[in-house]
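Following: one structure in structure tokens, then a few remarks.
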Amino acid sequence: MGRTRSEASRRAILDAAIAELREHGYPAVTVDGIAARAGAGKQTIYRWWGSKADVVLDAVLDLAEATIALPDEGTLAADLDAFLTATFRQRDQRDALAGLMAHSVLDPAFATPFRERFLFRRRAALRTLLDRGRARGEIAPDIDLELVVDVVFGVLWYRLLVENAPLSEDAGHELTDLVLRALR
């Protein structure tokens, strides 16, 4: 049985991964750089994570869960606006998310945990808001909520990967308005 993780070391490694991403961008991040910044041994990182992508995935997931709350403001409009503006506010994570998406396309073994642990969790959070809205009668019963989730994240990922338009709080508000009109 392996040694258990020290929460302080784990936190230092995840924080270092985010700092390395912000400073160097996903392609230039290395396990050596993360280890040096965290004051941890490279062997410690590889004991807990299989690759750079695995460390970055945990760091990004941890950051998303800490910064994008699941709001419960009492109305779908307020919940959706809070969720989408917080999501679009994370534009500084563009490089990390694009790097993880690219890595998942190139590495099928990484694609599964990326989908299940990150993409599907973010989808489930939005679906929770939509389910609450439906339960309150704010969404017509014949609306396909999975399609709505696809549309929302389609806009997010398209803007993130193609950079055709900004990821901004204003874009989050505009998408909220568009989705609410479609749900009525």
Are the charged groups of [X] and [Y] less than 4.0 angstrom apart, N to O?
X      : Y      : answer
Asp150 : Arg123 : yes
Glu138 : Arg132 : no
Asp58  : Arg10  : no
Arg22  : Asp95  : no
Asp79  : Arg136 : yes
Arg94  : Glu163 : yes

For the atom pair [atom1] ([X]) and [atom2] ([Y]), what is the distance rounded to the nearest 0.5 Å?
X      : Y      : atom1 : atom2 : result
Ile34  : Lys42  : CD1   : NZ    : 11.5 Å
Leu63  : Ile68  : CG    : CD1   : 8.0 Å
Ile139 : Leu145 : CD1   : CG    : 5.0 Å
Ser104 : Phe118 : OG    : CZ    : 11.0 Å
Leu80  : Leu130 : CG    : CG    : 6.5 Å
Leu76  : Leu129 : CG    : CG    : 7.5 Å

Without hydrogens or angle criteria, can the side chains of Asp54 and Ser51 be said to hold a donor-acceptor pair below 3.5 Å?
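There is such a pair (donor and acceptor under 3.5 Å, judged by atom type) between the side chains of Asp54 and Ser51.
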Examine [X] and [Y] and state if one hydrophobic cluster contains both, with Ile, Leu, Val, Met, Phe, Trp and Tyr joined whenever side-chain heavy atoms are less than 4.5 Å apart.
X      : Y      : result
Val151 : Trp157 : no
Val149 : Tyr158 : no
Phe153 : Leu147 : no
Tyr26  : Val105 : no

Grab the two heavy atoms, one from [X] and one from [Y], that are nearest each other, plus how far apart they are.
X      : Y      : result
Arg134 : Ile143 : NH2-O, 2.6 Å
Val55  : Leu14  : O-CD2, 3.9 Å
Ala38  : Ala12  : CB-O, 3.5 Å
Ala69  : Pro71  : O-CD, 2.9 Å
Phe110 : His103 : CD2-CD2, 3.5 Å
Gly41  : Ala35  : C-CB, 4.1 Å

Using side-chain heavy atoms (C-beta onward) and a distance below 4.5 Å, is [X] in contact with [Y]?
X     : Y      : answer
Leu84 : Glu169 : no
Phe88 : Val155 : yes
Glu65 : Arg122 : yes
Gln93 : Ile18  : yes

Evaluate the side-chain contact (heavy atoms from CB on, under 4.5 Å) criterion for residues Leu119 and Met101: first the C-alpha distance (whole Å), next the side-chain angles of each, then the deciding distance (0.1 Å), finally the verdict.
CA-CA 10 Å; Leu119 297 177; Met101 181 63 81; 4.3 Å; yes
Residues Glu23, Arg37; criterion side-chain contact (heavy atoms from CB on, under 4.5 Å); working and verdict
CA-CA 12 Å; Glu23 190 172 317; Arg37 189 178 288 254; 2.6 Å; yes
For the pair Trp49 and Leu57, evaluate side-chain contact (heavy atoms from CB on, under 4.5 Å) and give the outcome as yes or no after the intermediate values.
CA-CA 10 Å; Trp49 293 278; Leu57 175 59; over 6 Å; no
For residues 170-184, please give each side-chain donor-acceptor pair under 3.5 Å, one per line with the distance, not counting sequence neighbours.
| from | atom 1 | to | atom 2 | distance (Å) |
| --- | --- | --- | --- | --- |
| His173 | ND1 | Asp81 | OD1 | 2.6 |
| His173 | ND1 | Asp81 | OD2 | 3.1 |
| Thr176 | OG1 | Gly172 | O | 2.8 |

Could you walk me through whether Glu146 and Arg127 pass salt bridge (charged side-chain N to carboxylate O under 4.0 Å, His left out), step by step?
CA-CA 8 Å; Glu146 285 305 308; Arg127 181 61 193 251; 2.5 Å; yes
Would you please test Leu21 and Val60 for side-chain contact (heavy atoms from CB on, under 4.5 Å) and show each step?
CA-CA 10 Å; Leu21 284 165; Val60 168; 4.3 Å; yes
